[in-house]
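What you see below is based on every heavy atom in this structure, not just the backbone, and it leaves out hydrogens, waters and symmetry mates.
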Amino acid sequence: MEGVGEEEMEGVDHLAHERNKSEFDVDAMKIVWAGSPHAFDVSDRISKLVASDPGFRKDNRSTLSRKELFKNTLRKAAYAWKTIVDLRLSEEEAAKLRFYVDEPAFTDLHWGMFIPAIKGQGTEEQQQKWLPLAYKMQIIGCYAQTELGHGSNVQGLETTATFDSQTDEFIIHSPTLTSSKWWPGGLGKVATHAIAYARLIVGGREHGVHGFIVQLRSLEDHSPLLGITVGDIGMKFGNGAYNTMDNGVLQFDHVRIPRNQMLMRVSQVTCEGKYKQSDVPRQLVYGTMVYVRQTIVADASCALSRAVCIATRYSAVRRQFGSQNGGPETQVIDYKTQQSRLFPLLASAYAFRFIGEWLKWLYADVTQRLQANDFSTLPEAHACTAGLKSLTTTATADGIEECRKLCGGHGYLCSSGLPELFAVYVPACTYEGDNTVLLLQVARFLMKTVSQLGSRLSSKKPVGTIAYMTRVEHLMQCRCGVQRGFAELSADLVEAAVAHCQLIVVSKFIEKLQQEIPGKGVKQQLEVLCNIYALFLLHKHQGDFLSTGCITPKHAALANDELRSLYSQVRPNAIALVDAFNYTDHYLGSILGCYDGNVYPKLYEAAWKDPLNESVVPDGYHLYIRPLLKQEIRTARL
Ligand SMILES: CCCCCCCCCCCC(=O)SCCNC(=O)CCNC(=O)[C@H](O)C(C)(C)COP(=O)(O)OP(=O)(O)OC[C@H]1O[C@@H](n2cnc3c(N)ncnc32)[C@H](O)[C@@H]1OP(=O)(O)O
Ligand SMILES: Cc1cc2nc3c(=O)[nH]c(=O)nc-3n(C[C@H](O)[C@H](O)[C@H](O)COP(=O)(O)OP(=O)(O)OC[C@H]3O[C@@H](n4cnc5c(N)ncnc54)[C@H](O)[C@@H]3O)c2cc1C
């Protein structure tokens, strides 16, 4: 372009000066972030494969109508599946490919809930029948639990499954409007089968909510089967965003299914109509939700790190005020206020990465124990997955919005990638369990633990977390001490639950640092981030900590001074710390966050691609504006 200055030239790394400041081995940190050299290799290879394939382009999403958007999502899902089959990708590589395609779609629920539900709650025989069909995508499944009238309260679901011993079948029925299944992803237009949750009725007796495999649509022409009314529930928050997903509505009108389509690992119904409850806790029926909650924690670190990567790179590019004698203005990343807003989010992204790793281990451990009928850690696993899902999704949703604000006006452009990221992400605070409802589960668990163990919740925490542990105990004692009911104190108990989850995140970050971490300066950077995460929360909740007496106002002031010092230590490494996420520009989908930092020319170029700029004179000018300008409307009205 005419008069393009050096600072606007393509192919120049406008963040090179920032990258040269790094005090640690970025490639080694990429391995830490990915989890292992193998995980890094898979991630790196697959993200570049997706980024380089025009079949996965996503920069046009905000200009498509809902129907065009949805059809494009189906195209991409089919294209992704073809790529997986043609390249013979492994399950791990296929999951990474769906992740980097970065579009909410029916496949999320097919792979993320339908298959895990059959694996977790189906008998061996049921797994052998249904899993091969599901793995080959010869059936497409969804997870149909929530209803119009009930979501949080699973025991309040109204759909019925009545056993007919004459025909050895269950009759699945929606007795009321509010029993209509409502929200299941993939249900609206695509799924051929559902895991439907219904109240089991055998011989006139109710046995609570169980899961059933129900075919919804013909595998020949995709038409709904007899007794099935199904459709999409309509537009959701944001324009593109989650509207690539067909969240659906479903009504059953006395739909008959064979008895062997009730998921029978946890409990069984015999052909004689006998209900048998295995000697496993009934809550295993909820096992799929526990599984998805732990994946959502890992996903939180991905979403938050994307937003932080965009905001950090742009904060290093953006200059505003502070020019000395005509020199360059100040990079906004150098302002202490920008650092105090941005760097705790950078630290949180790493903290959530490591807690996600630990939770994955905890879930695998509890699953292994369940196989040996050892249910001893199930309550803790439920409380941890519920609480950490709540904590990390709330912090991530708030963090993405903060990153948008950290980018000023340009953060509000779709081309920044932040509005879409926020709109796609925020339902994570609701789905898989409303965050408050889940914290109440944690509060119940804490109450039980306090009553069993006395005041000390657990001594199994690293030294650095004594203040955090004392805070939880103090919050619990203040609430449990008084003789008022759980409901009356629930708002306070939820605060104690949050404090407990923050204690877990801090202690697991500290434990991570006790491991061998290779790479020049890598461990030192993580120690800085761990201290930022811990001290930022201590500063934010210092009222709690001061009331425990385990820190004094002087300590609180020192902590704040230390935070500022830590921000200064992060500053030269900030760009390298977000480069370590190893995101492609395609996956980031953000002009503000592009790797080379060449923001302004890209913003300017993108503007002209907007359909509104296809004509210089906009549609509607001659009909509405010209008459206005020519006073024709005014005289006409007179
Ligand atoms: C890749 C990323 C993107 C992923 C992309 C994903 C796309 C979107 C996917 C969204 C899919 C969905 O939203 S699927 C639908 C999600 N729906 C939900 O999460 C519903 C949330 N509600 C529930 O989970 C339940 O209703 C509860 C836990 C809130 C209440 O259940 P309840 O049956 O009434 O039980 P309650 O009386 O509270 O507790 C009885 C006892 O059971 C225990 N208990 C309760 N639940 C459990 C459990 N799951 N596991 C073990 N134990 C449990 C309690 O601690 C208690 O123990 P004790 O105290 O007696 O010892
Ligand atoms: C994008 C998206 C995708 C989804 N996908 C699926 C899916 O694939 N399959 C599926 O089955 N479901 C799905 N859902 C449904 C989702 O799981 C439920 O919406 C969620 O569990 C919350 O339940 P609810 O809607 O009944 O909220 P409610 O429980 O009605 O929440 C409303 C308010 O009531 C409060 N509240 C409720 N109970 C209590 C209590 N006991 N104490 C204090 N406060 C309380 C909540 O905190 C909240 O503030 C999806 C939802 C969304 C938004």
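Between the side chains of Lys609 and Ser415, no donor-acceptor pair of N or O atoms lies under 3.5 Å.
Taking the ring centroids of Tyr242 and Phe237, they lie at or beyond the 6.0 Å cut-off. Aromatic ring centroids of Phe581 and Tyr587 lie 6.0 Å or more apart. Between Trp33 and Tyr350, the distance separating the two ring centers is shorter than 6.0 angstrom.
Taking 4.0 Å as the cut-off between side-chain N and carboxylate O, Glu93 and Arg45 count as a salt-bridged pair.
Side-chain atoms of Ser22 do not come within 3.5 Å of backbone N or O of Arg19 as any donor-acceptor pair. The main-chain N or O of Gly411 is found under 3.5 Å from a side-chain atom of Ser416 such that the two form a donor-acceptor pair. The backbone N or O of Ala576 sits nowhere less than 3.5 Å from a side-chain atom of Asn573 that would complete a donor-acceptor pair.
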Criterion salt bridge (Lys or Arg N to Asp or Glu O under 4.0 Å) on Glu357 and Lys512, from CA distance to verdict:
CA-CA 10 Å; Glu357 277 179 1; Lys512 176 75 181 179; 3.1 Å; yes
For Leu97 and Leu49, run side-chain contact (heavy atoms from CB on, under 4.5 Å): C-alpha distance rounded to whole Å, both residues' side-chain angles, the deciding distance at 0.1 Å, then the answer.
CA-CA 8 Å; Leu97 185 129; Leu49 180 146; 3.8 Å; yes
Pair Tyr363, Tyr291 - check side-chain contact (heavy atoms from CB on, under 4.5 Å), show working.
CA-CA 7 Å; Tyr363 180 77; Tyr291 163 73; 3.3 Å; yes
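Scanning for salt bridge (charged side-chain N to carboxylate O under 4.0 Å, His left out) contacts around Arg353 gives an empty result, with sequence neighbours left out.
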